[in-house]
Amino acid sequence: MSAYLCTQHATPQESPSGDDVDAELRSLTARAIADTSDVAGDDDLQLSLFLMYGLHTGALPWLHESWEWDPETLRARASIERAFEHELRSAITVDRPPTPNAEAVAEWLFAATAPTAGPSLARFVAKTATLEQLHEFLMQRSIYTLREADPHSWAIPRLTGRPKAALVEIQADEYGGGNPERMHAAIFGRTLRGAGLDDTYGAYLDRVPAVTLASQNMMSMFGLNRRLRGAIVGHLAAFEMTSSIPNRQYGDGFRRHGFDDDVTRYFDEHVEADAVHEQIAGRDLAGALAEEHPELLHDILFGALACLEVDGRVGDHILGSWERGESSLRAAR
């Protein structure tokens, strides 16, 4: 299915769809969904979904913009999204939800995202990872971080009042406060170049596994669907609350291999920035949204737990691969 999308959607056409194209895409989508028991782990479905979201962001310029609002492509995306969301909701249980007020919601979120003992990818990077593994880590991270903050920004026009102001405050920092050189995506680009890697977006798209794409796709799905605005807010809250400590450890891992500030600045920047962002995200964003719209409370909590679940799978995949002496990447094609 993803190969079909690459072939068709790289072609500029004023009216992309025709009866034959529409029928083939419907058939391929239905078959791909029916043939998998793990949407989040299915390379074809996750790559297809990633390409469809890429039509909206322009991050992959070889996907022609004339396909962005093609009805059949949107229907195919919606079908995969339904299966993906169903799988996530089936895997995640929201226990003992708090009352819908800012402090209670923030307290629940901080408890849910509290650090745990035991093995972790961040600790492995800090103390054990080889140079080759550090390169893999950056390649995996490039899928989100070279477009950092974009999926959450879809939520800005879907919010009002205090939550909207809080989200804009966070995103303004992510985008460098008006200075393009301080944009977090730009800083990460320097990290990639300093480590000898390619900072072109999508350069490692054919190497990252489905679970890495699923993490990015989940954010895009939450952000692009207005009915899931609670989930994208909860996701961002959990994302910020679980960032500061791991980024300190990531920076330590790169310093251990002799990399200087040009490479480690990205991680060091997030140690301080995300310690501030997590407070804003917990109370003024997620907590305030729950106060204003109690009907969104469950989705706020679901979005936070989905962040922990899917990003946990990514970390487990990478760490497990390395502990087995294997690469966490797909074989080069």
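Considering only residues two or more places apart in sequence or on other chains, Arg141 meets the salt bridge (charged side-chain N to carboxylate O under 4.0 Å, His left out) condition with none of them. Here Arg182 pairs with Glu269 under the salt bridge (charged side-chain N to carboxylate O under 4.0 Å, His left out) rule; sequence neighbours left out. Judged as a salt bridge (charged side-chain N to carboxylate O under 4.0 Å, His left out), and not counting sequence neighbours, Glu148 has no contacts. Shown here are the side-chain hydrogen bond (donor to acceptor under 3.5 Å, both in side chains) partners of Thr160, two or more places apart in sequence or in another chain: there are none. Taking the salt bridge (charged side-chain N to carboxylate O under 4.0 Å, His left out) definition, one finds that Glu103 meets it with Arg283, sequence neighbours left out. With sequence neighbours excluded, no residue forms a side-chain hydrogen bond (donor to acceptor under 3.5 Å, both in side chains) with Glu181.
Between His270 and Tyr266, the two ring planes are tilted [angle within 30° to 60°].
Residues Asp299 and Phe222 have side chains not in contact (no heavy-atom distance under 4.5 Å, counting atoms from C-beta outward). Between Leu192 and Asp198, the closest side-chain pair of non-hydrogen atoms is not below 4.5 Å. Using a 4.5 Å heavy-atom cutoff, the side chains of Pro163 and Val233 are not in contact. Side-chain contact between Ile170 and Tyr175 is absent, with no heavy atoms from C-beta onward closer than 4.5 Å. At least one side-chain heavy atom of Ser120 sits less than 4.5 Å from a side-chain heavy atom of Arg123. Side-chain atoms of Ser243 and Glu278, non-hydrogen and from C-beta on, never get closer than 4.5 Å to each other.
The environment of CD in Glu132 is sparse: at most 12 heavy-atom neighbours from other residues, nucleotides or ligands sit within 6.0 Å.
Side-chain atoms of Glu87 come within 3.5 Å of backbone N or O of Ala40 as a donor-acceptor pair.
With Tyr144 as the fixed residue, the ring pair (Phe, Tyr, Trp, His ring centres under 6.0 Å) test singles out one of Tyr204, Phe239, Phe188: Phe239.
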